[in-house]
Amino acid sequence: MDGEEVIKSRRTIRKFTEEDVSDETVRKIIEAGMLAPSAGNMQSWEFIIVRDKTTKYSLSQEALGQPHVLESPVTIIVAANTKIAEKKYGSRGREVYCFVSAGAAIQNMLLMAVSLGLGAAWVGSFKERSVQEILKLPAEVRPVGIITLGHPADIPDMPKRRAYKEMVHNEKW
Ligand SMILES: Cc1cc2nc3c(=O)[nH]c(=O)nc-3n(C[C@H](O)[C@H](O)[C@H](O)COP(=O)(O)O)c2cc1C
């Protein structure tokens, strides 16, 4: 698959088969995240791999009970390390850059999943404090997304996008 095909075929996958995902594949996906751009190349992200059913159940409960958090064979939590980002950029690093950099890492990971024939979802609806507690994260490490990962059982149609001319502005709004 070339880059355009990967981008165009990515969907949010919420239903997975029982098939597992190897540690080697998980590593490839995380390494794709590590190649994302980050402010000042600070790489202010952390990745937590969760396979344990009990932990996935707790995460799912704190993510509005979303079943794919429990049912996917692997979840990877991508978190922003606010301390690292703050070192170079102060409050802008702590409040903005570390989150957008984590988002760039997540998107790279979603695209790598597609190119490896897997499916993934970016879950952002969760109680941050609870997720920190479950994963024993220090306060400065703030979870940004839970990636649910596995072999797709169902590939939905592309949800509609807003029209190009509605979103793209020349010179002024
Ligand atoms: C910041 C963010 C938070 C999201 N949170 C959730 C979520 O909690 N649960 C979920 O199933 N999908 C979540 N999504 C996925 C979106 O629902 C999905 O990207 C959108 O509907 C477009 O569909 P597509 O990814 O298939 O193009 C989230 C996406 C982003 C970028």
Side-chain angles (χ1 to χ4, degrees), residues 1-18 21 26 29-30 32-39 44-51 53 55-82 85 93-135 137 141-168:
M1 259 196 244
D2 66 18
E4 183 174 353
E5 217 181 323
V6 169
I7 289 171
K8 288 186 170 169
S9 57
R10 187 206 57 77
R11 302 280 182 281
T12 291
I13 302 297
R14 299 182 178 89
K15 290 207 162 70
F16 301 98
T17 67
E18 304 262 295
V21 178
V26 169
I29 288 170
I30 291 177
M34 292 161 54
L35 291 175
S38 62
S44 51
W45 40 53
E46 312 287 344
F47 306 93
I48 301 101
I49 303 164
V50 176
R51 289 182 181 274
K53 266 234 157 201
T55 310
K56 282 191 293 181
Y57 177 76
S58 305
L59 291 172
S60 157
Q61 289 301 105
E62 301 305 327
L64 309 176
Q66 295 185 65
H68 56 121
V69 177
L70 171 65
E71 289 160 7
S72 58
V74 194
T75 64
I76 305 169
I77 293 77
V78 181
N81 190 320
T82 58
R94 186 182 63 238
E95 289 162 16
V96 180
Y97 292 162
C98 63
F99 300 110
V100 291
S101 300
I106 293 172
Q107 180 67 1
N108 264 19
M109 294 165 77
L110 300 181
L111 295 176
M112 180 57 93
V114 173
S115 80
L116 296 172
L118 297 169
W122 173 342
V123 172
S125 300
F126 55 78
K127 291 188 195 138
E128 183 179 328
R129 276 278 175 80
S130 310
V131 169
Q132 281 179 317
E133 273 171 30
I134 293 165
L135 301 174
L137 302 176
V141 175
R142 298 184 57 188
V144 175
I146 300 174
I147 299 179
T148 59
L149 179 69
H151 295 264
D154 176 46
I155 302 182
D157 293 335
M158 168 65 75
K160 233 178 147 210
R161 261 43 183 179
R162 289 167 62 203
Y164 184 90
K165 64 174 193 285
E166 194 186 319
M167 296 186 278
V168 180

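Only heavy atoms go into these numbers, but all of them, side chains included; no hydrogens, no water, no symmetry mates. Every number for a ligand or one of its atoms is a count from 1 in the order of the listing.
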**Student:** Are any of the N/O atoms on S125, whether in the backbone or the side chain, positioned under 3.5 angstrom from an N/O atom of ligand 1?
**Tutor:** yes
**Student:** Closer than 4.0 angstrom, basic N to acidic O: yes or no for K8 and E4?
**Tutor:** yes
**Student:** Assess the side chains of T17 and H151: does a donor N or O sit below 3.5 Å from an acceptor N or O?
**Tutor:** no
**Student:** Please check: side-chain N/O of R161 versus main-chain N/O of P159, any donor-acceptor pairing under 3.5 Å?
**Tutor:** yes
**Student:** For ligand 1, which atoms sit closer than 4.0 Å to a heavy atom of G124?
**Tutor:** 3 (C), 4 (C), 5 (N), 6 (C), 7 (C), 8 (O)
**Student:** Looking at Q66, which atoms of ligand 1 are within less than 4.0 Å of one of its heavy atoms?
**Tutor:** 7 (C), 8 (O), 9 (N), 10 (C), 11 (O)
**Student:** Going by the atom numbers of ligand 1, which of them fall below 4.0 Å from some non-hydrogen atom of H68?
**Tutor:** 11 (O)
**Student:** Tell me which protein heavy atom sits closest to atom 29 (C) of ligand 1, plus the residue, atom name and distance to 0.1 Å.
**Tutor:** W122 O, 3.7 Å
**Student:** Looking at ligand 1, would R161 count as a contact under a 4.0 Å heavy-atom criterion?
**Tutor:** yes
**Student:** Can you tell me which residue and heavy atom of the protein come closest to atom 12 (N) of ligand 1, and the distance to 0.1 Å?
**Tutor:** R14 NH2, 3.3 Å
**Student:** A quick test of your reading: do over 12 heavy atoms of other residues, nucleotides or ligands sit less than 6.0 Å from CD of E18?
**Tutor:** no
**Student:** When you measure from atom 20 (C) of ligand 1 to the protein, is at least one non-hydrogen atom found at a distance under 4.0 Å?
**Tutor:** no
**Student:** Considering heavy atoms of the protein only, find what lies nearest to atom 24 (P) of ligand 1 and give residue, atom and distance to 0.1 Å.
**Tutor:** T12 OG1, 3.5 Å
**Student:** So do P143 and I77 actually touch side chain to side chain, heavy atoms under 4.5 Å?
**Tutor:** yes
**Student:** Are side-chain heavy atoms of F126 and V69 found at a separation under 4.5 Å?
**Tutor:** no
**Student:** Where is the nearest protein heavy atom to atom 23 (O) of ligand 1: which residue, which atom, and how far?
**Tutor:** P159 CG, 3.3 Å
**Student:** Minimum heavy-atom separation for K53 and L70, please, with both atom names.
**Tutor:** O-CD1, 3.8 Å
**Student:** Taking the side chain as everything from C-beta on, heavy atoms only, tell me whether V141 gets closer than 4.5 Å to Q132.
**Tutor:** no
**Student:** Say whether A121 and ligand 1 are in contact under the criterion: heavy-atom distance to a ligand atom below 4.0 Å.
**Tutor:** no
